[in-house]
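Being a predicted model, the structure only gives us computed values, none of them experimental. Every chain is numbered from 1, with letters handed out A, B, ... down the list of sequences.
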There are 2 protein chains.
Amino acid sequence: MADDRLERILELLRTQGGRLTTSRRAIVAALLESGLHVTAEDLAEHVQAAHPDIHRSTIYRTLDTLAGLGVVDHVHLGHGPAVYHLTDQPHHHLVCDACGAVVELPARALSALRRRVERDYGFQLDPGHFALAGRCAACAPVG
Amino acid sequence: MADDRLERILELLRTQGGRLTTSRRAIVAALLESGLHVTAEDLAEHVQAAHPDIHRSTIYRTLDTLAGLGVVDHVHLGHGPAVYHLTDQPHHHLVCDACGAVVELPARALSALRRRVERDYGFQLDPGHFALAGRCAACAPVG
DNA sequence: GACGTTCTTGCGATCAGGTCGCAATCGCCC
DNA sequence: GGGCGATTGCGACCTGATCGCAAGAACGTC
C-alpha cells in the first residue's frame, strides 16, 4: 500500500504535465519512507544514500512541485528548518520551545477555534500550516 | 505615558545587572514608537535614522536581552523575518498566507484551546509565540 | 527506434535572516 | 578619577533556501 501511494503520487505528477524522473521517484519514495515530518536536509540525506548525485536544489524544487500538486505541505516549527509532510492526514503540531519535541494534534482539535475565527474575523485558518509553541509535559515549568 | 513605559523598561534593565547605554535607550525608545509588530531590520532602520552608528548586531543583542527580561517577545509570521512586540498586551496573530496581512486576536480567544491541550497532552501553550496562518477575509477562497 | 521540444537537473553563486568572536569602548561603583 | 566588566562595532560566518545557466533527460510523434 506504500506502493499504491507512491504510484498515485507519481501518476498525479505525470498527468499534471510533469515528468517522471529518477530524482522524483527517489524523492517521493524517500518521503513515503520517512516519518511524519522531515526537513529538506533530512530528506536529501535519505535520498542521497542511494542516489548521491541528486542535488539539494532538486530536493527543494521537487518538494515545491509536490506542494503545488497538494501532495505535501510544510510547517515552520519555530526557529529551525521547515518540515514537510504529506497532506493526506491533516494534523497540527505542538512544538516544545525547550526541547524541540513535536506532539501531533488531531485536526479536529482546532475546529471550534476555526469556526470562531471565521465567524468573528472572516479569516479562514489553514489548519496544517502552523505550529503551536509552548512547553511539553517534560519541560513545563512546575505549577 | 510612553515616557513612563520607557523609564520602566530602562529601570528594569539597570536593576537586573544591565547597563544603560545610548544604544539601549535609543532601541527601547524606537520600540515604543513603533507599531505593534516590528522586524529587527525595521527597528534598525528606525534607530539608525537618529543614531547611524548603532549596529545591526546591537539591535539583535538588545532585543535578546529584552526578551530575557520578559519585555519583548518575537513571533514568526510565516516565511519572512520574525517580528518583535512588547509583552504588555498579550495577543495572537492571524497571518494571511496570500497578502501577509496580520490580524490581532485577543489572548482569550485561545483560552479554551489552551485548557484542552493542557488537559489532554500536558502541553502548556505559549500564547504569544506563534502565528496562525490562513486566508484573510479579502483573500479567502470563495464559498 | 530516432528526433526535437520542453521540462528537469546539477552546479555554484547568491540571498536573507541571524549569530559570533574579538578588540575597543563605555557605564557604573567605589 | 580609576578600574572592572558589560556592551559595542565590525566583519566574518552560519544556516536555510533560491536562482540562473547550460547540459541532460523524458515524452509525444513519426
List every contact pair, protein side and nucleotides 27-30 of chain D side both N or O, where the distance is under 3.5 Å.
residue : atom : partner : partner atom : Å
D/dC27  : OP1  : A/Leu20 : N            : 3.1

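Residues passing the side chain to side chain contact (heavy atoms under 4.5 Å, CB included) test with A/Ala137: none are found, sequence neighbours excluded. Taking A/Arg14 as the reference, A/Glu11 meet the side-chain hydrogen bond (donor to acceptor under 3.5 Å, both in side chains) condition, with sequence neighbours excluded. Under the side chain to side chain contact (heavy atoms under 4.5 Å, CB included) criterion, A/Val71 pairs with A/Ile9, A/Leu12, A/Leu66, A/Leu69, A/Leu86, sequence neighbours left out. Listed by chain and number, the residues in a side chain to side chain contact (heavy atoms under 4.5 Å, CB included) with B/His76 are A/His79, B/His74, B/Ala82 (sequence neighbours excluded).
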Side-chain donor-acceptor pairs of residues 19-32 of chain A under 3.5 Å, sequence neighbours excluded:
residue : atom : partner : partner atom : Å
A/Thr21 : OG1  : A/Arg24 : N            : 3.1
A/Arg24 : NH1  : A/Arg19 : O            : 3.1

Got a list of side-chain donor-acceptor pairs under 3.5 Å for residues 57-65 of chain A, not counting sequence neighbours?
residue : atom : partner : partner atom : Å
A/Ser57 : OG   : A/His55 : ND1          : 3.1
A/Ser57 : OG   : A/Arg61 : NH2          : 3.2
A/Tyr60 : OH   : A/Glu41 : OE2          : 3.3
A/Thr62 : OG1  : A/Thr58 : O            : 2.9
A/Thr65 : OG1  : A/Arg61 : O            : 3.0

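Residues B/Gly80 and A/Thr58 both approach DNA chain C. Their nearest nucleotides, taken by heavy-atom distance, put A/Thr58 toward the 5′ side.
At whole-Å resolution of the value, CD1 in A/Ile59 and P in D/dA17 are 12 Å apart. The interatomic distance linking A/Leu63 (CG) with D/dG16 (C1') rounds to 13 Å, in whole Å.
Between its opening and closing five pairs, the helix from C/dG1-D/dC30 to C/dC30-D/dG1 changes axis direction by 30°, a value rounded to 10 degrees.
Of all nucleotides in DNA chain C having an atom under 4.0 Å from a heavy atom of chain B, the first and last in 5' to 3' order are C/dG17 to C/dC28.
Using a 4.0 Å heavy-atom cutoff across all strands shown, B/Arg24 reaches sugar-phosphate atoms only and no base atom.
Sorted by first then second residue, the side chain to side chain donor-acceptor pair (under 3.5 Å) pairs that include residues 26-39 of chain A, not counting sequence neighbours, are A/Glu33-A/His46, A/His37-A/His93, A/His37-A/Glu104, A/Thr39-A/Asp42. Applying the salt bridge (charged side-chain N to carboxylate O under 4.0 Å, His left out) test to every pair with at least one member in residues 75-91 of chain B, sequence neighbours left out, gives these pairs: B/Arg5-B/Asp88.
A heavy atom closer than 4.0 Å to some atom of DNA chain D occurs in B/Asp53, B/Ile54, B/His55, these being the qualifying members of residues 37-55 of chain B.
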